[in-house]
Amino acid sequence: MASQSVTKVLSQDLESTLREDRVFPPPPEFAAAANIPSLEAYESLYARSIADPESFWAEAASELHWFEKWTKVLDWNLPNAKWFVDGKINLSYNCVDRHALSDRANKTAIIWEGEPYGSDGTSQIRKLTYAELHAEVQKFANALKSLGIKKGDRVAVYMGMTPELAIALLACARIGAIHSVIFGGFAANAIADRVNDSQCVAILTQDTSYRRGAQIQLKKTVDEALANTPSVQHVVVLKRSGAEVAMQQGRDHWWHDLVAKADPTCLAEPLDSEDPLYILYTSGTTGKPKGLVHTTGGYAVQTYLTTKYVFDLGNPNHPDDVYWCTADIGWVTGHSYVVYGPLQNGATVLMYEGAPNHPDFSRFWKIIDDHRVTIFYTAPTAIRAFIKWGNEHVEKHGLDSLRLLGTVGEPINPESWMWYRERVGQSRCPIVDTWWQTETGAIMIAPIPGAVPTKPGSATRPFFGIQPEVVTREGDPVPAGSGGLLVIRKPWPSMARTIYGDHERYQKTYWSDVPGCYFTGDGARKDADGYYWLMGRVDDVLNVSGHRLGTMEVESALVAHPKVAEAAVVGRPDDLKGQAVVAFVTLESAHNSAATTPEALAALKEELKKWVSKEIGSLARPEEIRFTDALPKTRSGKIMRRLLRELATHGTIQGDTTTLEDFQVIAKLRESEEG
Ligand code: ATP
Ligand code: MG
């Protein structure tokens, strides 16, 4: 994967636009009641976790329920890790039973809000206590068993955001079946690819789901996919909307029929710590998606602990927290921070079925006020959309219940970070910018909110037990302030163990580029305070007249311009400079092409070029600026720069587009060439 371009990356000699001097200490009232209350507490625990990671992680593991204790914390033979060797554990037990069988039995585990408003002007709301969740998970686990599904079988899950989706995961985990969740926005061929890759024996789906006012035909799409998936014997269909769907006798079963017949008791299976828990495919931002395999014990421990410390959950001072992570369960963020992490901490988790802009742009803010959400975790792409839609939608709502904000998925431009802090967090809430990957399973770099001062645009410092480093291709550390490759030195409990069916690709992709290290594929810089600044994908790094530039830096300069909503920057081969900077820019609603004359747009292009020269230096000045209504994104909302690079270079796109969110964007981008 890594080309020559990774030998030396990112700008060292250009003045940074990231303004490292902006520092926000944790608010004292937040820190006073936090799980980790001070910088000293963070630093001493971090030092201890690095001096002896195995006893640190063993201590964390002891907070969970094990049927049998491990005999050895870590067995490491690069790139093969075994954590909590011989330990017997069940993640469904730790998420559900541990609370349902305690005095938390009647605490709300899940609050769910459906997207559509009924004729009475209200949306559908469901609440499940831990005791109720326990009952549902047991029944559905028995339903799966009644179909002959057993430990080790792969079960595909293609559903909308319903409580049953969480129940499905927990039921699989309970019996040791390996779930493979496929985001509910994918088309039939993407389902078939994933189902066939891991030979799933069953697929769980629903009639339709609601998204942005429309009904998404999940069952119909599954039927199309199943024309080419010989391994699937059973389809379980949840009735969500009651829409008419075709049911194939013998193969298709209604969820409610199976559950009605199911025995109410299903004890959690004691699983080996290294038994696989799930398979999940990456977003496809940089190429064809990879099917990562996560196992049970280590994943349980790190998702539990990161949730406890980064989101300050399970905090006895805040028993009434309502936690909302807006990610779809189709992505790793939904696995680790909608389901497994918060439920292990006995939290109240909010799940919302639909889009942020339905029926209008303030839906998220209304949900926060209606349910008194205290912790809110979303993605930079959503934050940029909120900014584009205008402040008035946020300002209509009180948002006074919030105490902590988070972001994940892409580097967040500092200007978006500031907007998030001031408009949503009302300058009261700390922001945790969490860096991690499908491969890492859990958060790796993020501020501990009561302890670590934040800087806009930086994921700040590593989580306990994690040793990231910024290095050259040879693996030598670069000096503070210089760009390089982000690697992780030591194994960590929630690391993916392999790519399903292709261990060689796993070894080659992650463990071969930099000797002895896990290579993340991301470029980063560590500042003099030990803060990490993610600079973008190493493959996207620009080389202009021999200078390395991170995409993040130029994009952040553009986004800082008051008329710019979003920007994606790529390099086009240039005889003179090596690469020329090409910027694709979307404008704030009031300035887009429909609202502005061609002359004004041409003037704005010049203005933006000058702006970048002034902010970063003339080296970074875009050779070309293209205005477009939308950027190509993955279905998880990340900008696909590789497609823009192809377009800027060849005028066509040939790379893998299976995870592209909106195919029409490509046509619009072509038009941007003339515009
Ligand atoms: P693929 O691996 O198929 O290209 P992907 O890398 O987008 O897809 P994910 O595992 O969902 O798939 O995303 C992880 C990547 O997202 C990271 O490697 C990083 O580039 C980016 N990322 C996630 N969180 C952050 C963050 N807080 N700051 C900067 N970048 C982030
Ligand atoms: Mg990736």
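In what follows, residues are counted from 1 in the order of the sequence shown. Computed from a prediction, not measured in an experiment: that's the story for all the values here. As the structure lists them, so they are numbered: ligands from 1, and atoms in each ligand from 1.
Here the rule is side-chain contact (heavy atoms from CB on, under 4.5 Å) with V332, and of Y278, Y337, Y281 only Y278 fits it.
For Y500 and R154, the side-chain atoms include at least one donor-acceptor pair closer than 3.5 Å. Looking only at atom types and distance, the side chain of K633 has a donor-acceptor partner in the side chain of T381 under 3.5 Å away.
T520 contributes a side-chain N or O that, together with a main-chain N or O of L486, makes up a donor-acceptor pair within less than 3.5 Å.
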Ring pair (Phe, Tyr, Trp, His ring centres under 6.0 Å) between Y42 and F464: does it pass, once the steps are laid out? CA-CA 8 Å; Y42 163 76; F464 305 113; 5.5 Å; yes
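Annotation: ligand 1 has protein neighbours T282, S283, G284, T285, T286, K290, V408, G409, E410, P411, D433, T434, W435, W436, Q437, T438, E439, D522, L534, R537, K638, each with a heavy atom less than 4.0 angstrom from the ligand.
The cationic atom of R194 (NZ for Lys, CZ for Arg) lies less than 6.0 Å from the six-membered ring centre of F186 and within 45° of the ring axis.
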